[in-house]
Every structure is written in structure tokens, then in C-alpha cells.
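Here's the structure, in C-alpha cells; my notes come after.
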Amino acid sequence: MARILVIEDEDNIAIALEFLLTREGHEHSRIASGAGAIDAIREMRPEVVLLDIMLPDVSGYQILQDLRADGDLAGTHVLVMTARGAEVERRKGLALGADGFIAKPFELSELRAEISRLLAA
């Protein structure tokens, strides 16, 4: 069982993610905007953050940059999720320090495989 933080503003996607994470036996929390994301990560200390890029208040890219600039959070794995699945978005996320990238809509099996890969790393 791992601690996973979901940062996702769309309720329908968050509900699907929470269903999967519960079924897989993971402890999880969700925040629905970018504001306060770094504080939530510091408090929860998740092994994996599922990070949407298009968020209200603060973009996922900014959260990723702030996370990677914080030495105390360096070991946190980040899986970027975005509906903008273009290769340029993927490269940007990985360049900023994401550990993985998944385009929405995604298959739950694909997400499950990515989470497993990150937890094994």
C-alpha cells in the first residue's frame, strides 16, 4: 500500500482515480486546485503524486517546478496527467522533472501500470 495524492480538478476523473486507488489498496487524498499543492505534499508525504496540468489557480507545471526545487520532496514520484497529450507537453513535463506522463483519457490498466512502475523505482 502506498500513499498517493491526486491533484485533479475534474470531479469525474477524480472519482475514477479514487475508485482505482481504493481497489488497489492505496491510501489516497485529493485536492482540486493547484493552490496549496506543495503544502499538501509536504504534509502527506506521498510516494506518488498524480498531477493534472490544467488546474485552477496554479498550473501543474508550476507545482512540478516547485516540488523539484524543494530538496525535502526530491524523492516524491510525479505522474503528470493531461488532456493535452501532444508530444511537446510530454517533453515539457519530463524536462521539468516528472517521472511519467499519461494522456487523458487513459485506460485504468495504463494508469495502474504507471503507478506500479513508479512504486517499484
Side-chain angles (χ1 to χ4, degrees):
M1 179 172 92
R3 284 181 317 279
I4 298 178
L5 178 61
V6 176
I7 305 175
E8 171 62 63
D9 62 319
E10 294 183 40
D11 288 338
N12 58 340
I13 294 172
I15 289 166
L17 292 171
E18 290 172 353
F19 174 78
L20 172 71
L21 296 173
T22 298
R23 200 172 75 196
E24 296 289 313
H26 298 300
E27 177 186 331
H28 56 84
S29 293
R30 173 200 177 197
I31 59 173
S33 75
I38 295 298
D39 290 337
I41 293 167
R42 277 193 194 105
E43 184 179 318
M44 183 180 180
R45 295 291 177 168
E47 284 87 5
V48 176
V49 174
L50 302 180
L51 177 62
D52 186 22
I53 291 301
M54 296 183 287
L55 293 165
D57 306 323
V58 179
S59 82
Y61 289 131
Q62 185 62 53
I63 294 166
L64 183 56
Q65 279 186 297
D66 294 347
L67 178 71
R68 292 304 180 223
D70 187 327
D72 289 341
L73 303 175
T76 306
H77 295 295
V78 178
L79 179 62
V80 169
M81 307 177 297
T82 185
R84 298 187 301 189
E87 183 61 25
V88 67
E89 298 293 330
R90 181 184 185 302
R91 276 188 289 218
K92 182 175 180 179
L94 295 175
L96 290 173
D99 298 294
F101 179 94
I102 193 165
K104 296 179 194 174
F106 46 78
E107 296 293 325
L108 290 181
S109 60
E110 180 185 8
L111 179 65
R112 186 181 304 118
E114 277 296 293
I115 292 171
S116 294
R117 179 183 68 80
L118 293 177
L119 291 173

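Predicted model, so just to flag it, every value in this text is computed and none were measured.
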Can you name the closest pair of heavy atoms from Ile13 and Glu8 and give their distance? CG2-OE1, 3.7 Å
Heavy-atom count around Glu43 CD within 6.0 Å, excluding the residue itself: above 12? no
Determine whether more than 12 heavy atoms belonging to other residues, nucleotides or ligands lie under 6.0 Å from atom CZ of Phe106. yes
Between Ala98 and Val80 the two heavy atoms that sit nearest each other are CB-CG2, 3.4 Å
CG on Leu79 to CG on Asp99, rounded to 0.5 Å: 8.5 Å
Could you state the interatomic distance from CD1 (Ile15) to CG (Leu20), rounded to the nearest 0.5 Å? 14.0 Å
Yes or no on side-chain contact (heavy atoms from CB on, under 4.5 Å) for Arg30 and Leu50, after CA distance, side-chain angles and deciding distance? CA-CA 9 Å; Arg30 173 200 177 197; Leu50 302 180; over 6 Å; no
Taking all non-hydrogen atoms of both residues, which atom of Met81 and which atom of Ile7 are closest, and how far apart? CE-O, 4.4 Å
OG1 (Thr22) and CD (Glu27) are apart, to the nearest 0.5 Å, by 11.0 Å
His77 versus Ile4: any side-chain heavy-atom pair under 4.5 Å? no
Mind running side-chain contact (heavy atoms from CB on, under 4.5 Å) on Leu96 and Arg68 for me, showing each step along the way? CA-CA 8 Å; Leu96 290 173; Arg68 292 304 180 223; over 6 Å; no
How far does CZ of Arg42 sit from CG of Asp70, to the nearest 0.5 angstrom? 4.5 Å
Distance col, row Leu119:CG vs Met1:CE, nearest 0.5 angstrom, shows 11.5 Å
Could you see if Val58 belongs to whatever hydrophobic cluster contains Met44? Use Ile, Leu, Val, Met, Phe, Trp, Tyr and a side-chain cutoff under 4.5 Å. yes
Taking all atoms of both residues into account, what is the closest heavy-atom pair of Asp57 and Ala35, and its distance? OD2-CB, 3.6 Å
Spell out, yes or no, whether Leu17 and Ile102 are grouped together once hydrophobic residues are joined by side-chain heavy atoms under 4.5 Å, including indirect joins. yes
As a quick check of understanding, evaluate side-chain contact (heavy atoms from CB on, under 4.5 Å) for Arg23 and Arg112, giving each step before the final call. CA-CA 11 Å; Arg23 200 172 75 196; Arg112 186 181 304 118; 2.6 Å; yes
What heavy-atom pair brings Asp52 and Leu55 nearest, and what distance separates the two atoms? O-CD1, 3.4 Å
Would you confirm whether His26, through its side chain, and Leu21, through its main-chain N or O, come within 3.5 Å as a donor-acceptor pair? no
Distance col, row Ile115:CD1 vs Leu108:CG, nearest 0.5 angstrom, shows 9.5 Å
Ignoring hydrogens and geometry, is there a side-chain-to-backbone donor-acceptor pair from Arg90 to Phe101 under 3.5 Å? no
Whether Glu89 and Lys92 form a salt bridge (side-chain N of Lys/Arg under 4.0 Å from carboxylate O of Asp/Glu) is what I want to check. no
Counting C-beta onward and ignoring hydrogens, is there a side-chain heavy-atom pair between Pro46 and Ile41 closer than 4.5 Å? yes
Go through Ser29 and Leu5 one step at a time and tell me if the side-chain contact (heavy atoms from CB on, under 4.5 Å) criterion holds. CA-CA 5 Å; Ser29 293; Leu5 178 61; 4.0 Å; yes
Kindly give the heavy-atom pair with the smallest separation between Ile31 and Ala40, and that separation in Å. CD1-CB, 4.1 Å
Test side chain to side chain contact (heavy atoms under 4.5 Å, CB included) applied to Val78 and Ile63, Val48, Leu64, the passing residue: Leu64
